[in-house]
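Inspection log for the structure reproduced underneath, given as structure tokens.
Note that ligands are numbered from 1 as they come in the structure, with each ligand's atoms numbered from 1 the same way.
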Amino acid sequence: MLDHSYFSEQIIPIADKVLKGERVGQEDCLTLYRQASLPELGVLANAVRERWNGKKVFFNRNFHIEPTNICVNKCKFCSYRREEGQTGSWDLSLDEIFTIAQHYVNKDITEVHVVGGVHPRHAFDYYEKMIGGLHELLPQAHIKAFTAEELWKMAELRGTPVADVLYRLQELGLGSIPGGGAEILDDSVRAVICAQKISSQIWLNVHEQVHSLGMPSNATMLYGHVETFEHRVKHLSQLRDLQDITKGFNAFIPLKYRSANNELGAAGELAVMEDLRNLAICRIFLENVPHIKAYWPMLGKSVSQLALAFGADDLDGTIDDSTKIYSMAGAHDKNPAMSVAELANICRSAGFTPVERDSLYREIKQY
Ligand code: V47
């Protein structure tokens with residue numbers, strides 16, 4: 001049992017709950033955001049991470065495909081979207097997508113992550129052929145594709161319920177969906193930062209439907225812009241409630257708002273200390289979600305390594321310089337790629353056991 005004199009007076013009752021394995025409430029969570037010190041949060045987050053994952057840190061061998069940056073939404077935090085025909089826009093044909101995937105045939109990749117803008121016109125058969133074709137080319141790889149936002153708008157354009165879209169894509173090889181598009185699950189915040197996006201309720205509902213088809217998903221939270229601590233707590237609370245029902249979230253990924261080249265830029269960026277505090281609080285509050293991911297292309301390698309001491313147990317993957325979303329928003333690594341050896345070294349030198357995983361967190365190899 002830990003010495004309670006380590007914690008300040010207002011944190012002791014919360015620390016007690018966490019260390020006994022009890023759930024903390026929304027008010028507790030606010031108190032943590034307002035008053036807990038980084039070392040206090042580190043101890044508590046680590047207790048929760050060790051209960052789930054011991055000393056293991058997971059990563060996988062993955063790459064991204066970003067089919068288009070043309071998007072009907074005009075999110076204020078986005079540095080990536082372009083109008084159709086605008087300089088810097090792209091819209092890959094199926095052949096171009098398969099050429100990228102071809103490069104990974106016979107390589108030991110276990111996951112392809114597909115995410116892009118919400119294109120105004122692509123018919124559903126473009127997405128069907130994309131998923132079917134990727135599955136055929138890379139049958140050993142898990143396909144994690146399309147955010148709830150993309151899927152909902154696909155269904156709207158097709159004129160069918162999103163359930164039909166999900167069912168059809170699953171038939172063709174979709175394995176899970178990524179956690180993007182959640183931003184902050186509060187419609188007043190969404191009205192400011194991503195007014196055209198689906199509502200909070202729809203985002204949650206799409207994930208619930210994904211889970212009911214037996215597919216897992218992830219959840220993100222874009223933090224550090226106009227939201228308050230109360231909004232973050234509301235966001236986390238809704239995720240925790242859904243997880244109680246479905247148990248379908250594999251990982252939670254806090255995404256630090258990056259301010260370069262977007263309209264919210266004036267808001268600046270949070271200090272690293274706040275990133276670590278936030279990550280630890282998310283780990284503590286979401287005690288029913290097995291994994292917390294420190295997404296290194298966004299956070300950078302050194303902060304991601306630090307994050308392992310504040311509740312994170314997953315580093316995403318090798319990436320292979322296949323994503324532009326974060327470098328366009330000002331993330332430092334302009335060509336994000338890491339070898340398995342480098343990932344393993346990051347874990348080991350921080351005192352953790354590196355574990356290569358598949359997309360369902362089954363262990364492939366310990367290093
Ligand atoms: O929803 C966009 C975020 C998300 C910025 O599931 C930004 O494993 C910060 O969801 N600053 C998409 N963030 C990416 C995503 C994701 C990433 C890694 C792993 C997984 C997973 C999912 O990127 C968007 C948005 O929240 N984003 N612009 C920006 N300027």
(request) Write out the residue and atom name of the closest protein heavy atom to atom 29 (C) of ligand 1, then the distance separating them to 0.1 Å. (result) F77 O, 3.6 Å

(message) With a 4.5 Å cut-off on side-chain heavy atoms, are M221 and E227 touching?
(response) no

(message) Suppose I only count heavy atoms of A329 and a 4.0 Å limit; which atoms of ligand 1 are within that range?
(response) 29 (C), 30 (N)

(request) Would you mind checking which non-hydrogen protein atom is closest to atom 12 (C) of ligand 1, with the distance to 0.1 Å? (result) Y326 OH, 3.8 Å

(request) Please report which non-hydrogen protein atom sits nearest to atom 19 (C) of ligand 1, along with the residue it belongs to and the distance in Å to one decimal place. (result) H113 CE1, 3.7 Å

(message) Can you tell me which portion of V115 lies within the under-4.0 Å heavy-atom range of ligand 1? Options are side chain, backbone, both, or neither.
(response) neither

(request) Give yes if a backbone or side-chain nitrogen or oxygen of Y257 is under 3.5 Å from a nitrogen or oxygen of ligand 1, and no if not. (result) no

(message) Could you check whether any side-chain heavy atom of R357 comes within less than 4.5 Å of a side-chain heavy atom of F59, counting everything from C-beta outward?
(response) no

(request) Compute whether any side-chain donor of one residue and acceptor of the other, for D358 and N60, lie under 3.5 angstrom apart. (result) no

(request) Number the atoms of ligand 1 from 1 as they appear, then name those within less than 4.0 Å of a heavy atom of N218, with their elements. (result) 6 (O), 8 (O), 21 (C)

(request) Assert yes or no for the condition that the ring centre distance of H291 to F252 is strictly below 6.0 Å. (result) no

(message) Can you confirm whether the side chains of E208 and T246 place a donor and an acceptor under 3.5 Å from each other?
(response) no

(request) Show your reasoning for whether side chain to side chain donor-acceptor pair (under 3.5 Å) applies to D186 and H235. (result) CA-CA 7 Å; D186 174 278; H235 181 100; over 6 Å; no

(request) Name all pairs fulfilling the ring-ring contact (aromatic ring centres under 6.0 Å, His included) condition that reach into residues 152-208, sequence neighbours left out, sorted by first residue then second. (result) W203-H207, H207-F249

(request) Using a 4.0 Å heavy-atom threshold (strictly under), name the region of Y295 that reaches ligand 1: side chain, backbone, both or neither. (result) side chain

(request) Please report the C-alpha distance between H64 and S322 in whole Å, then the side-chain angles of each, then the deciding distance to 0.1 Å, and finally whether the side chain to side chain donor-acceptor pair (under 3.5 Å) criterion is met. (result) CA-CA 5 Å; H64 287 222; S322 54; 5.3 Å; no

(message) Quick test: of every protein heavy atom, which one is nearest to atom 21 (C) of ligand 1, and how far off is it to 0.1 Å?
(response) I253 CD1, 3.2 Å

(request) Assess M328 for proximity to ligand 1: is some non-hydrogen atom of it under 4.0 Å away? (result) no

(request) List the closest protein heavy-atom neighbour of atom 6 (O) of ligand 1: residue, atom name, distance to the nearest 0.1 Å. (result) G179 N, 2.8 Å

(request) Would you please say whether a donor-acceptor pair under 3.5 Å links the side chains of Q209 and N205? (result) yes

(message) Yes or no: does E149 have any heavy atom under 4.0 Å from an atom of ligand 1?
(response) no

(message) Quick test: of every protein heavy atom, which one is nearest to atom 7 (C) of ligand 1, and how far off is it to 0.1 Å?
(response) L222 CD1, 3.7 Å

(request) Using a strict cut-off of 4.0 Å, indicate which atoms of ligand 1 neighbour a heavy atom of K256. (result) 9 (C), 11 (N)

(request) Give the residue, atom name and distance (to 0.1 Å) of the protein heavy atom nearest atom 24 (C) of ligand 1. (result) E183 OE2, 3.7 Å

(request) Could you see which bit of P178 sits under 4.0 Å from ligand 1, with heavy atoms only: side chain, backbone, both or neither? (result) both

(message) Within ligand 1, which atoms have a heavy atom of T220 less than 4.0 Å away?
(response) 10 (O)

(message) If I apply the N/O under 3.5 Å rule, does A182 come out as touching ligand 1?
(response) no

(request) Report, in ascending order of atom number, the atoms of ligand 1 lying under 4.0 Å from any heavy atom of G181. (result) 1 (O)

(request) Would you please say whether a donor-acceptor pair under 3.5 Å links the side chains of S349 and Q305? (result) yes

(message) Donor-acceptor pair, distance only, cut-off 3.5 Å: does the side chain of N62 make one with the backbone of T318?
(response) yes

(message) Show me which atoms of ligand 1 lie under 4.0 Å from any heavy atom of K144.
(response) 6 (O), 8 (O), 21 (C)

(request) With heavy atoms of G180 as the reference, note each atom of ligand 1 found under 4.0 Å away. (result) 1 (O), 10 (O), 15 (C)

(message) Which residues pass the side-chain hydrogen bond (donor to acceptor under 3.5 Å, both in side chains) test with Q201, not counting sequence neighbours?
(response) none

(request) May I ask you to check whether Y223 and Y257 place their ring centres under 6.0 Å from each other? (result) no

(request) Could you tell me which atoms of ligand 1, counted from 1 in the order shown, lie closer than 4.0 angstrom to a heavy atom of K293? (result) 8 (O), 21 (C)

(message) Is there a polar contact between ligand 1 and K197, counting only N or O atoms under 3.5 Å apart?
(response) no

(message) Side chains of T353 and Q366: any donor to acceptor distance under 3.5 Å?
(response) no

(request) Measure the distance from atom 11 (N) of ligand 1 to every protein heavy atom, then report the residue, atom name and distance (to 0.1 Å) of the closest one. (result) R258 N, 2.8 Å

